[in-house]
Amino acid sequence: MSADGRAVRGFCPRCCTRHDLPGRCPGPVQATGPERPGWSATYRTPAGREVVVVVIAPAAVDLWCARILSLPNGIWTVPGAAGAMKFLGRTDRDAGIRARAWVEEHAFRVGWTALTGAEAAPVVWPPAVLPPVDERPIERRGGADRAPALRKICSLPVRYGLDRGTIAAVVRNVSETGLFVRTERPPDAGADLRMTVDLGGCTMPLRGVVVWNRPRPESGRESGMGIRLLRPPALFVGFVRGMP
């Protein structure tokens, strides 16, 4: 989801939090359990009605993480940090309160009107039913005249490796069937990779094959590799389809 004027000052570009808890930057924060919906609200905005929900998940032994979604598939992000805004707390309630306060402060600042009663939309969770995904390997889906998958520009943290994801890099564009990963150490074409990609707070395991690599920048193009995904999960496909 685009920043569309939301104030993001004070968010750390590394962990995407505001360091509300004492101590050093915790580094990248990932959920360690399923997310569940918490507080929600419906607002009238210049662009129409917007349904906002705070979702909460455990993030460590003594840590909870909340983030903000605009249903059905909008993630409130930190521009330039390639990650969802995250609000940490020692309890699920503390994390949720921090996220709710941020939404309400933003709504007041930009003049959104909170809707109640019949005007407020019910929150349906999960927020959308993802379409079925073809489970066959990519190379067996359609003929040679099949249109190439639409690629979308992004900046998503990824870890990759031959056995497990250990090398940190960045996904620079993505489609339902593949990725371009910017890295200075791309494996050879044909390599079978295991990856974990941060989809705005949700860590998604993926598997793919390197179809080409560019060890050094050429003609203004970044070094990196093109990866064809093998059986991409439905959640990943739904995330890509929901990207602007």
Side-chain angles (χ1 to χ4, degrees), residues 1-4 6 16 30-31 34-37 40 42 45 47-55 57 67-86 121-160 165 169-182 193-211 224-244:
M1 186 170 188
S2 62
D4 66 9
R6 297 187 173 104
C16 297
Q30 303 295 343
E35 288 183 319
R36 60 174 175 79
S40 64
T42 303
T45 80
R49 192 171 66 168
E50 182 159 350
V51 181
V52 180
V53 59
V54 170
V55 294
R67 62 192 185 113
I68 306 166
L69 305 178
S70 287
L71 299 185
N73 54 17
I75 301 173
W76 289 34
T77 61
V78 180
M85 296 175 180
K86 299 181 178 74
V123 173
V124 178
W125 194 262
V129 177
L130 298 178
V133 176
D134 192 336
E135 293 294 336
R136 293 174 295 167
I138 298 296
E139 58 271 18
R140 293 175 56 191
R141 300 183 193 176
D145 59 347
R146 182 174 178 267
L150 177 65
R151 291 195 170 268
K152 299 183 179 182
I153 303 300
C154 62
S155 182
L156 302 173
V158 62
R159 288 186 175 272
Y160 70 89
V170 178
V171 177
R172 299 296 289 165
N173 66 60
V174 63
S175 74
E176 295 176 24
T177 59
L179 311 167
F180 168 65
V181 174
R182 184 187 67 192
L193 298 184
R194 271 68 173 177
M195 299 166 284
T196 55
V197 181
D198 182 356
L199 304 181
C202 172
T203 301
M204 173 66 62
L206 298 172
R207 183 179 174 187
V209 175
V210 179
V211 294
M225 57 185 167
I227 299 173
R228 182 183 63 206
L229 295 176
L230 302 176
R231 296 182 176 87
L235 182 60
F236 173 83
V237 174
F239 177 86
V240 173
R241 291 178 180 175
M243 294 173 64

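- In terms of heavy-atom proximity, V53 sits nearest to P37 at CG2-CB, 4.0 Å.
- Partners of V209 under the side chain to side chain contact (heavy atoms under 4.5 Å, CB included) rule, at least two apart in sequence or in another chain, are R228, L230.
- A 4.5 Å side-chain heavy-atom check between L229 and T177 finds every atom pair outside the cut-off.
- Listed by chain and number, the residues in a side chain to side chain contact (heavy atoms under 4.5 Å, CB included) with A169 are V158, Y160, V181, T183 (sequence neighbours excluded).
- If you take SG on C154 and CZ on F180, they are separated by 10.5 Å, rounding to the nearest 0.5 Å.
- Nearest heavy atom pair, residue F236 against residue M204, reads N-CE, 4.0 Å.
- A heavy-atom distance below 4.5 Å is not found between the side chains of F239 and V197.
- Summarising the geometry of M195 relative to L179, their closest heavy-atom pair is SD-CD1, 3.9 Å, with the distance given to 0.1 Å.
- Residues passing the side chain to side chain donor-acceptor pair (under 3.5 Å) test with R49: none are found, sequence neighbours excluded.
- R207 contributes atom CZ, which lies 10.0 Å from atom CG of L193 (distance to the nearest 0.5 angstrom).
- Expressed to the nearest 0.5 Å, how far OG of S175 lies from CG of N173 amounts to 8.0 Å.
- For the atom pair K152 NZ and R241 CZ, the distance stands at 9.5 Å (nearest 0.5 Å).
- Residues V211 and I227 approach most closely at CG2-N, 4.4 Å, considering heavy atoms.
- What you find for P205 and P233 is that their closest heavy atoms are O-CG, 4.2 Å.
- In this structure, the side chain to side chain donor-acceptor pair (under 3.5 Å) partners of R182, at least two apart in sequence or on a different chain, are E222.
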